[in-house]
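The chains referred to below are lettered A, B, ... by the order of the sequence lines, with proteins before strands, and numbering in each begins at 1. Excluded from the calculations below are hydrogen atoms, water molecules and symmetry mates; all remaining heavy atoms, backbone and side chain alike, are included.
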Amino acid sequence: MTQVRVRFAPSPTGFLHIGGVRTALFNWLFARQQKGVFILRIEDTDQSRSTDESIQAIIEGMKWVGLDWDEGPFRQTERMDLYSSHAKQLLEHGQAYWCHCKAEELDARRKEAEAKGLSQKYDGRCRDRGLTNAAGDAALRFKAPQEGETVVDDLIKGKILFDNSVQDDLIILRSNGYPTYNFSVVVDDALMNITHVVRGDDHLTNTPRQIPIFEALGFPVPRFGHLPMILGSDKARLSKRHGATSIMAYRDMGYLPDAMVNYLVRLGWSHGDQELFTRQELIEKFSWKNVQTSPAVFNPEKLLWVNAEYIKISPLTDVAQALMPLLEAAGLTDDVRAAPAGWLAQLVVLVKERAKTLVEMVDWVRPYFGQAATFDEEAAKKFLTPAIAPILGKLLTRFEALPVFSKQTWEAAFKQLVEEEGVKMGQLAQPVRVALTGRTASPGLFDVMEVLGRDRTLSRLRQGIERASRA
RNA sequence: GGUCCCAUCGUCUAGCCUGGCCUAGGACGGAGCCCUCUCAAGGCUUAAACACGGGUUCAAAUCCCGUUGGGACCA
C-alpha cells in the first residue's frame, strides 16, 4: 500500500470560511487515520484576487482549529515554471495546441450555436491547424479525448460516468501565459503525489476534465471524493448574508475550537447516533462510507449546543485558558492574577453549566470580580427594599459570628433563620443574591459565597443592607 | 441551454449497499411536566419526516423507471 497523501488547497481571496475548514477537516482526519501526509497548498494563481493577508488568515484559522499540516504551505505562484514546462510537454507530444481564437469571436460563435440549439462547446477550429504562438498572444488548449467515457469512482458518491464527446478542449495556458485552474491543479496534485483528491462538490464536473490531463502527462490518476456543500438556512450556498462564515469570527464569539470541529464533522458525516466525539475518536471512526451525499444546512443553534457541551466537559484548565483572552479584553485579568491559583478554575466550575459560549461566560463571571457588587437597578429596586433590611441584618449578624467560611455551616445558619422567621427560602435568597452578585440570576447562593470568600460576602451583605435601608 | 449531482421530522442525521426486526430511531430546536433559593443544567413526556407516480416482490424508506423540485459546473 502506498502512503496516503491528501491536500487542502484554498485560494487566498478572503478569510478562511466554514466550508473550507470542513473540507480541510475531512482531509486531515483521513490523513491522520491512515498515517498519511496532509499538505497545505495555497492556490494563488489568480493574482488579482489573492492577498498575503488572506494567506495569513488561512494559516491562523488552520492553527486555531488544530489542523496541522505535514508539508507546505506551498504557493502556486512559486511554481509557475512547472506549469509552463508541463504545458510545453503536452504541446510537444501533440496533446495540446495553440488556439488563436479571440474571446470575442468565441463568444459570438457560442451565442450563434446556442441560437441554433447546438452544443456551446469550443468548435475545435484551431485543433488541427498546427499553429504556432509567434505573436505570443495565443492560448494553449488541451486536446481532450472525444471518444469513450471517463469514469470517476468517487469516494463519496460512487461511480459516475461522463461522456467524452461533450468534453471541451479546455484552455490550459491563457494568452498571458498563466495556467488555468484545471491545469495547475492537475500539475500540482500529480507532482505532489496526491493519492486522494477530496474537495467540494462544486468541483465534481471539473474531474472528468482533469483526469485526461493526468493521463496525457503520464501520471497516475488519484482517487477523487466530492464533499456536499454547506447551505444557509434558505438552502442557498452558505455566504456572508447567512451570518458569520469566517472561522475566526467563531473564536471571537466564544466558541471552542474542538466544538467547532465536532459540529463541522457531524455536518455531513455520522457514526450512528453519536453526537460528541473526541479528536481521537474522530480519527478512528471516520470513514468515507458515512459521509452524506446531499448538502447540509448550517444550523447555528446546534453549534451553540455543541459548544455548551464542550464547555461543560472540557478540562477546566483548557476552558480557563481559552477564557483568558476574553477576560483580558474585558479588563478583568488583574483580578485573576491577584487571586490565588485555581480561583479562576473554581469560577469556571460555577458558571460552566450556564454559559453556552465564552463570551457569555465572561458576563456570568463578572460579578465575582472587584470588592463591591454592581447592582442591576431593577433587581435592587425589586429585592433590596426597606422591608427586607431587618432580616438581612439578622443574617449578617449570624454570619459575622461564624469565624471561618464553610458551605455547610453557613447554609445551615441561613436555613435556620429562614425557619425562625417563617419565610420562604426564596424570600430571603433573592435579596441576598442581589446583595452578593447585583443580579437576580446566579449559581447556588452558597457556591457564590464560597467563591467570594468570607470577607467579601460580609461586606457585600452590608452594602446590600445599606442600599435596602435607604431605598 | 448542455452535462453532472442530490432528495427521511423545521434542521443535522440513523436505516438504504446485503428488501421483512421501521406502527421509521437519535440529536438540535419547539411544547409540557418534574427537580428547585434565582438562572441554568438535568430527568421525563410530546408534536414533527420516508418529495410524487409507476413498477419488481409474498413484502420497499430500502431495488428499477419516470416526474417534480433543489443544486453545481460550463460559459
Side-chain angles (χ1 to χ4, degrees), chain A residues 103 106-107 109-111 113-122 149-150 152 154 156-158 160-168 170-171 181-182 199-209 226-237 262-276 289-309 311-312 350-356 360-361 363-364 379 382-383 411 414-415 418 423-434 436-437 439-449:
Chain A
L106 291 168
D107 235 39
R109 275 188 259 157
R110 194 181 303 115
K111 287 213 177 87
E114 190 181 352
K116 289 185 190 157
L118 298 170
S119 156
Q120 299 172 54
K121 70 177 211 174
Y122 177 62
E149 48 193 18
T150 299
V152 178
D154 195 272
I156 294 158
K157 296 178 194 281
I160 305 164
L161 271 54
F162 295 88
D163 198 337
N164 286 342
S165 65
V166 302
Q167 291 300 332
D168 235 331
L170 44 93
I171 293 174
Y181 168 77
N182 277 308
R199 72 239 291 199
D201 222 350
D202 45 343
H203 287 111
L204 182 56
T205 49
N206 279 329
T207 308
R209 300 186 181 109
H226 293 91
L227 262 6
M229 308 266 83
I230 299 182
L231 312 176
S233 50
D234 58 355
K235 307 265 178 124
R237 208 163 154 168
N262 195 136
Y263 175 73
L264 254 17
V265 179
R266 272 290 284 103
L267 197 59
W269 174 83
S270 60
H271 185 265
D273 287 339
Q274 191 172 350
E275 295 287 350
L276 270 14
K289 187 171 155 285
N290 296 312
V291 174
Q292 202 70 7
T293 50
S294 52
V297 174
F298 181 80
N299 183 344
E301 265 112 46
K302 182 137 186 192
L303 169 62
L304 189 61
W305 173 79
V306 173
N307 199 52
E309 290 300 308
I311 286 178
K312 277 181 269 186
L350 212 57
V351 301
K352 67 177 186 171
E353 305 284 314
R354 297 158 232 266
K356 290 183 193 295
E360 283 182 25
M361 190 175 269
D363 190 53
W364 271 104
K382 182 167 180 197
F383 291 105
E411 182 166 357
F414 188 102
K415 287 191 167 153
V418 165
V423 295
K424 285 199 172 151
M425 182 76 181
Q427 287 178 281
L428 183 57
Q430 278 307 78
V432 172
R433 187 183 318 282
V434 175
L436 297 184
T437 67
R439 336 226 267 217
T440 53
S442 85
L445 262 193
F446 306 100
D447 295 318
V448 166
M449 294 178 191

Listed by chain and number, what are the side-chain contact (heavy atoms from CB on, under 4.5 Å) partners of [X], not counting sequence neighbours?
X	answer
A:Lys424	A:Gln427
A:Asp234	A:Ala236, A:Arg241, A:His242
A:Ala379	A:Asp376, A:Val434, A:Thr440
A:Arg266	A:Asn262, A:Ser270, A:Glu275, A:Phe277, A:Lys302

Practice item. Going 5' to 3' through nucleotides 38-52 of chain B, assign each nucleotide B (protein heavy atom under 4.0 Å from a base atom), S (under 4.0 Å only from sugar-phosphate atoms) or - (no protein heavy atom that close). Key: BBBSS----------
Revision key, fill the gap. From CG of A:Leu227 across to P of B:rC5 the rounded distance in Å is 17 Å
Exercise for review: Provide, to the nearest angstrom, the distance between the CG atom belonging to A:Asn182 and the C1' atom belonging to B:rC73.
Suggested key: 10 Å
I'd like to know if the side chain of [X] and the backbone of [Y] have a donor-acceptor N/O pair within less than 3.5 Å.
X	Y	value
A:Tyr263	A:Leu304	no
A:Asp154	A:His226	yes
A:Lys352	A:Lys312	yes

Got a sec, which residues hit side chain to side chain donor-acceptor pair (under 3.5 Å) with [X], two or more places apart in sequence or on another chain?
X	value
A:Ser442	A:Arg433
A:Lys157	A:Asp201
A:Glu411	A:Lys415
A:Thr205	none

Gap in Å between the two [atom1] atoms, one belonging to [N] and one to [M], rounded:
N	M	atom1	value
B:rC12	B:rC37	C1'	38 Å
B:rC65	B:rU18	P	15 Å
B:rC58	B:rA14	C1'	28 Å
B:rU56	B:rC64	C1'	7 Å
B:rG19	B:rA60	C1'	6 Å
B:rC9	B:rC5	C1'	24 Å
B:rG29	B:rA49	C1'	16 Å
B:rA40	B:rA72	C1'	44 Å

Can you name the atoms? Protein N/O to nucleotides 15-21 of chain B N/O, anything below 3.5 Å, with the distance.
none

Report, one pair per line, the protein and nucleotides 23-26 of chain B atoms (nitrogen or oxygen only) whose separation is under 3.5 Å.
residue, atom, partner, partner atom, Å
B:rG25, N2, A:Asp273, OD1, 2.9
B:rG26, N2, A:Glu275, OE2, 3.2

Review point. Is the closest side-chain heavy-atom distance between A:Val432 and A:Met449 below 4.5 Å?
Key: yes
Study note, to complete from the structure: For B:rG53, the nucleotide meeting Watson-Crick or G-U wobble distances (both under 3.5 Å) is B:rC65
Check your understanding: Using purine N1 to pyrimidine N3 plus N6-O4 or O6-N4 for Watson-Crick, or N1-O2 and O6-N3 for G-U wobble, each under 3.5 Å, what pairs with B:rG19?
Key -> none
Check your understanding: More 5' along RNA chain B: A:Ala429 or A:Ala296, using each one's nearest nucleotide?
Key -> A:Ala296
Check your understanding: After noting the C-alpha distance and the side-chain angles of A:Leu445 and A:Met425, does the key distance pass the side-chain contact (heavy atoms from CB on, under 4.5 Å) rule?
Key -> CA-CA 11 Å; A:Leu445 262 193; A:Met425 182 76 181; 5.6 Å; no
Table of protein N/O atoms under 3.5 Å from nucleotides 64-72 of chain B N/O atoms:
residue, atom, partner, partner atom, Å
B:rA72, O2', A:Asp202, O, 3.3

Exercise for review: With A:Thr150 as reference, evaluate A:Leu161, A:Thr207, A:Asn164 under the side-chain contact (heavy atoms from CB on, under 4.5 Å) test and give the passing residue.
Suggested key: A:Asn164
Exercise for review: Tell me what A:Leu161 touches on the nucleic acid: a base, only sugar-phosphate, or nothing, going by heavy atoms under 4.0 Å.
Suggested key: sugar-phosphate
